[in-house]
Amino acid sequence: MRSLSRLTTAGVLGAAALALLTGCLGSSDSGSGDQDANRNADAKKVELTFGSNSVKGGKSSAGATFIEDVLIPKFVAEQKGKGVDVTVKFQGDGSDDEVYKQKLSLDLSNKSGPDLFQIDGIWVGEFAQANYIKPLTETVGDAAKVDDWDGWKQIPESVQALGSYNGQRYGVPGGTDGRVLYFNKKLFQQAGLPADWQPKSWDDIISAGQALKKISGVTPIQINAGTAMGEATTMQGILPLLVGTGATVNSDGKWLGNTAQLRQVLDFYHQVYSTGLGDPVLQREAKGRDKSFAEFAANKIGILLEGDYFWRSVVEPKEGVAKMADRDTAVGYALIPARQPGAGVKGQDFVSMSGGGATAINPNTKFPQQAWEFLQFMNSAEMVKESLDGAAKITQRSDVNSEVLKSDPMLSFVAEKVLPITQYRPGRAEYPKISAALQQATADVVGGKSTDAAAQAYEKAVEAAAGGKDKVTSN
């Protein structure tokens, strides 16, 4: 799950949520208070339910097919070999993400719902704050048992953050992605720029853009901005730049306000769009992002900040939405530099942002130990590899990535170079409104407002979303 689409009709939400109240947490425990994490640990007959916002023939069909036809049967067979009779029921959904979230939240608030379930990484903190999920060490009841799982060694710490909150693991992350700077090598050659371009600062990006500007009919730099692109603006624009200033959108429980770092990001947007290096009109159009894909593929955009999705699904030579027959030789990619060397989060020279989901265990399950076994099994190298069904995609596991991505240098680059330095969006309930405020700030700058005016308006919106000035950082 990447961006969150919204369906705000109260009647639809209410009906959908109530529909799941009768859903079986075959394994739920309606009791309250602390529970014995070892309850039913020695059971020889076990019933588990697995929830996911995917359904065969519909939303995320491939994921649902894998869970039902491969993962569950293999887990049942493995448990049978241990003398345990396990039944796992798949509770697939196909709703809008926000509707699914409402359904699941209502179930969990009533100590119901599936024993294990997949959620967007940006929901982890919100669910943890609401006590819908608990740290794995609490649910499983044995820190050593959780921490000693050998799978953690194959999941970079930066990726583990996708299923973590306040330094504790609440779930195991699934596949992820990473963002880079793409560049058109043919245009770079015409502009006298190197084929192995790797900018070390924002100034290097601007300098390359100025060289590309000399080529007629070419947009040198396109960085997602404005509200029309929604979350794409935040993830493929603002946040990668922001972490390049050393700041994050939420730190120590406070949201980013009108800070020097925010103004640096908005100044960069101003540099790009007020000097003709970027096309401001493209950022206001409903299909602007799709148009930017088409223009890059047609050799009309020089530099584009995007995720690995762009490589494997957009300009993919055979089935991409904006096919580039010469992708492998014409498209270059580079790490996103910090504003200047060492200025990024954690003192990094290069930065990125990633998305993805995680699988958590319902704290009310009757079978916490068996649920933990299922969670380990589904995230084993064998199952993660099988879930790909032959496709080249970035997974959470380094060992699997090394094997399945070896023939794709770009995806290997993301797995090896980007994931260790990446950051994730904060899993807090206010995030969508903060993201919308960030998008509006870039829209203001691209539309001609000053950096200061855009930053001030942004801070007011953040204060309203966060619930007061005391929850916002400014300087």
Inset, instruction - Report the C-alpha distance between Phe127 and Tyr170 in whole Å, list the side-chain angles of each, state the deciding distance to 0.1 Å, and finish with yes or no for ring-ring contact (aromatic ring centres under 6.0 Å, His included). - result: CA-CA 10 Å; Phe127 276 41; Tyr170 282 77; over 10 Å; no
So does [X] pair up with [Y], basic N to acidic O under 4.0 Å?
X	Y	result
Glu47	Lys89	no
Lys59	Asp93	no
Asp177	Arg179	yes
Lys471	Glu463	no
Lys101	Asp97	no
Arg312	Glu319	no

Should we say atom [atom1] of [X] is surrounded by more than 12 heavy atoms from elsewhere, each under 6.0 Å from it?
X	atom1	result
Lys417	NZ	no
Asp389	CG	no
Lys323	NZ	yes

Can a donor-acceptor pair be found between the side chains of [X] and [Y] at a distance below 3.5 Å?
X	Y	answer
Ser54	Ser60	no
Gln118	Asn53	no
Asp142	Gln369	no

Inset, instruction - With sequence neighbours left out, write down each residue that passes ring pair (Phe, Tyr, Trp, His ring centres under 6.0 Å) with Phe293, or none if nothing qualifies. - result: Phe310
Inset, instruction - Assess Arg169 against Trp152: is NZ or CZ under 6.0 Å from the centre of the six-membered ring, and within 45 degrees of the ring's axis? - result: yes
Legend entry - Audit row: Phe183, Tyr333, ring-ring contact (aromatic ring centres under 6.0 Å, His included) steps and yes/no: CA-CA 6 Å; Phe183 59 96; Tyr333 40 88; 7.7 Å; no
